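As C-alpha cells, the structure follows; a few thoughts come after it.
If you're wondering where the values come from, they're calculated on a predicted model, not measured in any experiment.
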Amino acid sequence: MVNRNHIYVLVLFVSIVGRLSAQTVAVEGTVRDSGGAVVSGASVVLHSGSYQAAATTDPQGRFSFPTVPLTSGTIEVSRDGFRAVERSWSATGTSVSVDIVLQLASTNEEITVSATRTELRLADTPGSTVLLSKTDVTSTPALRVDDVLRQVPGFSLFRRSNSRVANASNQGVSLRGLGGSASSRALVLEDGLPIVDAFGGWVYWDRVPRESIQDVEVFRGGASNLYGSDALGGVVQFITRQPEQPAFALETSYGNEKTPDLSFWTGTRVGKWDISLASGMFRTDGYILVPTWQRGTVDTPANSKDASVELNVGHQVGAKGRIFVRGDFYTEFRHNGTPIQTNDTTMGGGALGLDQQFGSHDSLTLRGYGQVQGYDQRFSSVAADRNSESLTDLQYVPEQVVGGAGQWTNLLGKHQTLVGGADLMEVMGASDEQLFSSGIHTRNNASGGRQRIFGLFGEDLIRVNNWTVIVGARVDDWDNFNASSICTPLSGTCTSPSIVYPSRSDLAFSPRLSVLRSLSHNVSITGSMYRAFRAPTLNELYRSFRQANVLTLNNPFLNAERLTGAEAGVNVTSFDRKLDIRGTFFWSDIVDPIENVTTDPTSSPVLRQKQNLGRIRSRGVELDGVVHVYRDVQISAGYAFTDATVVNYTVPPGEISLLGNAVAQVPRNVFTWEARYWNPSLIMLSLQGRFIGNQFDDDQNKYPLGRAYTMDLQVGRNVTHNLEVFAAAENLLDQRYNVANTPTSTGSLFNIGPPLLYRIGLRMNFPAERR
C-alpha cells in the first residue's frame with residue numbers, strides 16, 4: 001500500500017515541474033552602431049531550440065521578445081549598410097538584456113540582385129557592378145535622378161543631355177560606349193519591372209519619385225542572358241522602399257530659374273497588409289540652349305514640368321509570401337527652345353505581382369504589367385538668322401504595352417542556386433503625323449506596327465570553396481507584325497508610296513559564362529564571356545524626327561544589334577575593409593549596330609537615316625574605388641576609358657566612309673570623384689566633380705563637343721532628429737559646356753549645358769533615418 005506522504009511529495013513535485021515548464025523568459029535589448037548611435041529598422045531574429053521569432057527595432061533602437069519558452073538561444077541582427085551579427089544569450093532569471101553593436105559593412109558585403117536575378121553579395125558578383133545606397137543618392141547635389149547616375153563612369157544619355165530640359169526622345173541610356181543614337185542600350189527597371197519606353201527606347205527618369213528610392217544598382221556588361229533585348233550594355237535598377245512600420249519621407253527645394261521640386265514617400269504595415277504612396281512634382285523656367293553669339297529672336301528658354309504618383313498595396317500570403325498591386329501615373333510638358341517646338345507625355349500603368357517562398361529552398365516570382373501612353377511633339381524649321389520659324393510636323397505617338405514574367409529559384413544544397421523563367425512583352429505603337437511646308441498642311445502620314453518579344457532563360461550559380469561560377473543562357477523570339485506606312489496627300493504629293501510591311505521574325509541566343517576566384521580574403525579576380533542583342537524599336541523602324549537642321553529618317557528594314565563581349569577584372573579590399581577597389585577591362589564587338597548615318601550632308605535640312613552600320617568595337621577599362629576614412633568620411637572616384645570605333649563598314653554609293661571613325665556620342669575618357677563628410681547632427685558636406693572627354697555629335701566626326709568639367713556641392717545639417725535643411729549647387733564653376741553640335745547651312749549650331757544651378761531645401765523623415 002502506497003504511503004500517503006509519498007503521494008503528497010509526488011503531487012508537489014509535479015506542480016513545481018509544471019510551473020517551471022510554463023515559465024517564460026523576456027529577451028530585450030538595444031541595437032547601436034560603433035559610434036553609439038541607436039539603429040532603428042534593424043531586423044532581429046531570435047532562435048531558442050525549435051522556437052523562432054522576429055522583430056524590428058523601434059526608433060530608439062530597442063527590440064523585445066516577452067515570452068520566450070527556453071532560457072538560452074541566439075539572436076541574429078541585420079540592417080542595410082551594416083554587417084550582420086549573431087549573438088548567443090542565456091537567462092538565469094525571468095529576463096535578459098542583450099545589447100548589440102553593428103559595424104558598418106564594406107561595399108563588397110552589400111547585396112545586389114540585378115546581376116543574377118537573385119540575391120548575391122557584391123563581393124561574389126563576377127561582373128562590373130556599382131551599388132548606390134540611399135545615402136549615396138541623398139548626398140548627391142544633383143536634383144534629377146539621371147544626373148545622380150552620371151557619377152557612375154560609363155553611364156551617359158544621348159548628347160550629354162539631362163532630363164531637366166532635354167527632349168524626352170533624347171533620354172536613352174548608354175553604358176560602355178554602345179550607343180550612338182538616342183535609344184537605350186541598357187535596361188532600366190523599378191523593382192524588376194521595366195520602365196524603358198517600349199516604343200522609343202528612352203526613359204522618363206522622373207517616373208520614379210526620388211524619395212521612394214532605397215538603392216540603385218548599375219550592372220555594366222551584356223545581360224541579355226537574363227533580361228533579353230534591352231540589356232545589351234547592362235542593367236540599371238531602382239529598388240524602392242518597403243514599409244515595415246508607419247513612415248514618412250519628404251524632400252522639397254526651390255532654386256534659381258524658378259525651380260520648385262517636391263518628392264515624398266509614405267507607407268505603413270497593418271497586420272498582413274502593407275501600403276505605400278510616393279509622388280514627385282517638378283517645374284523649371286529653364287534656360288536658352290543656344291549660346292549668346294548664335295541666338296536670334298526665336299530662341300526661348302527650354303523648360304519643363306512634370307508630376308508622378310505611385311501607389312503600392314501588398315498583402316502577406318501565408319508565412320513567406322506576398323502579393324501586391326501597383327498603379328502609377330506620369331505627365332510632363334516641355335518647351336524645347338523655340339515657341340513652336342514643344343512636346344508632352346501622359347501615361348498610366350499598373351502591375352500585379354507575387355513573391356512566394358516554398359520551404360527554405362524554393363521561391364516563385366510572378367509579374368504582370370500594362371501601360372497606356374500618349375506622346376505629342378511639334379517640330380519646326382528655323383531660319384538661318386534664327387529670327388523666325390515655321391511649323392513642319394505635328395506628331396502624335398499612341399502606345400500600349402502589356403507584359404509579364406515568371407521566375408523560379410531553387411537552392412540546390414549549400415553551394416548551388418538554379419534560376420529559370422520566362423517573360424513576354426508586346427507593344428503597339430504608331431507615329432501619326434501632320435506635315436507642313438511653308439505653313440501649308442500638305443499631307444498626313446501614319447506609320448506603326450506591333451512588336452512581340454518572348455524569352456526563356458536559365459541560370460546555374462555555383463559557389464564552392466573560393467569559386468563562384470555562373471552559367472546562363474536565354475533564347476528570345478522577336479516578331480514584328482501589322483506594320484504599315486500610309487500617306488494621305490492634302491495639298492501636295494506623298495514623297496513615298498503607302499506600304500504594308502511584311503511580318504518579320506528572328507531568334508536570338510544569349511549565353512553567358514562568369515567566373516570569380518577569391519585569391520585571399522581581400523583579393524579576387526573575375527572573368528566573363530557573353531553574347532547579347534537588341535531588337536530595333538518601333539520608333540527606329542517607323543518614326544522620323546528633327547533636331548535643329550538635321551532630319552533623321554526611320555528605317556523599317558533594320559536588323560537587331562548583336563554583341564559578343566568579354567571582360568576580366570580584379571577586386572581588392574584592404575585596410576580592415578576601409579578601402580574597396582574594383583577594376584575591369586572589357587571588349588565588345590557589335591554586329592549591325594543601329595546608328596544615325598548621314599546620307600546627304602549638303603541638303604537643308606541635313607538628311608540622316610537610322611542604318612545598320614556594319615560592325616563597331618568598344619573596348620576599355622573601368623575603375624571604381626571608395627575609401628572609408630572613418631564612419632562619417634568617405635572619398636570615392638571612378639574612371640572609364642572607352643575606345644569605341646567603326647571597324648567594318650560597306651560604303652553606299654555617294655556616301656563617305658565611316659571606317660575607323662569614333663562612334664558618335666561616346667567620350668573616350670570620363671572621370672568622377674566625390675569627397676563626403678556626412679554627420680547630420682553636425683554637418684553634411686558633399687563635393688563632387690565630373691570630367692567628360694571630347695566626343696563627336698555625328699557619325700562623320702565633323703562636329704566635336706569638346707571637353708567638359710563640372711563640380712557640384714551640397715551642405716546641410718539636422719535641425720531636429722526628423723528635419724534637416726540643405727543647400728546645393730550644380731555646375732559650381734559655371735562652365736557652359738557643349739551639349740550638341742549640329743550642322744547648318746552656314747556652319748554648325750551649338751546647344752550648351754546649364755549655367756550654375758542652386759537651390760535650398762529641407763528633408764523630413766519620420767521616424768528619423770539612420771545614415
Check whether any side-chain heavy atom of Leu120 lies under 4.5 Å from a side-chain heavy atom of Val113, and answer yes or no.
no

Could you tell me how the ring of Phe155 sits relative to the ring of Trp205: parallel (under 30°), tilted (30 to 60°) or perpendicular (over 60°)?
perpendicular

Given side chains that start at C-beta, do those of Glu540 and Ser183 come closer than 4.5 Å, heavy atoms only?
yes

Does any non-hydrogen side-chain atom of Leu143 lie less than 4.5 Å from one of Phe282?
yes

Between Thr112 and Glu217, does any side-chain donor sit less than 3.5 Å from a side-chain acceptor?
no

I need the minimum non-hydrogen distance between Thr57 and Ala42, along with the two atoms involved.
OG1-N, 2.8 Å

Val216 side chain near Val236 side chain, heavy-atom distance below 4.5 Å:
yes

Do the two ring centres, one from Tyr375 and one from Tyr396, sit under 6.0 Å apart?
no

Just checking, any donor-acceptor pair under 3.5 angstrom between side chains of Tyr254 and Thr259?
no

Less than 3.5 Å apart, any donor N or O on the side chain of Gln416 or Asp460 sitting next to an acceptor on the other?
yes

Considering only heavy atoms from C-beta outward, does the side chain of Asn343 approach that of Asn336 to under 4.5 Å?
yes

Can Asp432 and Gln395 be said to form a side-chain contact (heavy atoms from CB on, under 4.5 Å), step by step?
CA-CA 6 Å; Asp432 299 331; Gln395 192 174 74; over 6 Å; no

Between Phe358 and Trp408, how do the two ring planes meet: parallel, tilted or perpendicular, split at 30° and 60°?
parallel

Can you find a side-chain donor-acceptor pair between Asn765 and Asn722 that sits under 3.5 Å?
no

Between Thr284 and Asn303, a side-chain donor and acceptor under 3.5 Å
no

Answer yes when Arg334 and Asp344 have at least one side-chain N-carboxylate O distance shorter than 4.0 Å, and no when they do not.
no

State, yes or no, whether a side-chain contact exists between Ser505 and Asp479 at a heavy-atom distance under 4.5 Å.
yes

Might you point out which heavy atoms bring Arg241 and Glu211 nearest each other, and give the distance in Å?
NE-O, 3.1 Å

Does CD belonging to Gln60 count more than 12 external heavy atoms closer than 6.0 Å?
yes

For Gln371 and Gln373: C-alpha separation, side-chain torsions, deciding distance, then whether side chain to side chain donor-acceptor pair (under 3.5 Å) applies.
CA-CA 7 Å; Gln371 178 182 296; Gln373 175 181 312; 3.2 Å; yes

Could you tell me whether the side chains of Arg512 and Ser510 share a donor-acceptor contact shorter than 3.5 Å?
no

Side-chain H-bond candidate by donor/acceptor type, Arg269 with Gln245, under 3.5 Å
no

For the residue pair Asn167 / Gln377, report whether a side-chain donor-acceptor contact shorter than 3.5 Å exists.
yes

If the threshold is 4.0 Å, N to carboxylate O, is there a salt bridge linking Arg185 and Asp230?
no

Quick one about Ser163 and Asp146 (side-chain donor to acceptor, distance below 3.5 Å, no hydrogens or angles considered), yes or no?
yes

For Ser128 and Arg220, which I'm curious about, is there any donor-acceptor pair between the side chains at under 3.5 Å?
yes

Thr125 side, atom OG1; Ile470 side, atom CD1 - distance, nearest 0.5 Å:
7.0 Å

For Tyr227 versus Ser114, what's the shortest heavy-atom pair and its separation?
OH-O, 2.8 Å

Kindly compute the distance separating OG1 (Thr409) from CG (Leu364), expressed to the nearest 0.5 Å.
8.5 Å

Modelled atom types, side-chain donor and acceptor of Ser431 and Arg543, under 3.5 Å:
no

Test: Asp147 and Arg164 ion pair at under 4.0 Å
no

Which residue pairs pass the side chain to side chain donor-acceptor pair (under 3.5 Å) test with at least one member in residues 448-459, sequence neighbours excluded?
Glu426-Arg450, Glu426-Arg452, Gln451-Asn480

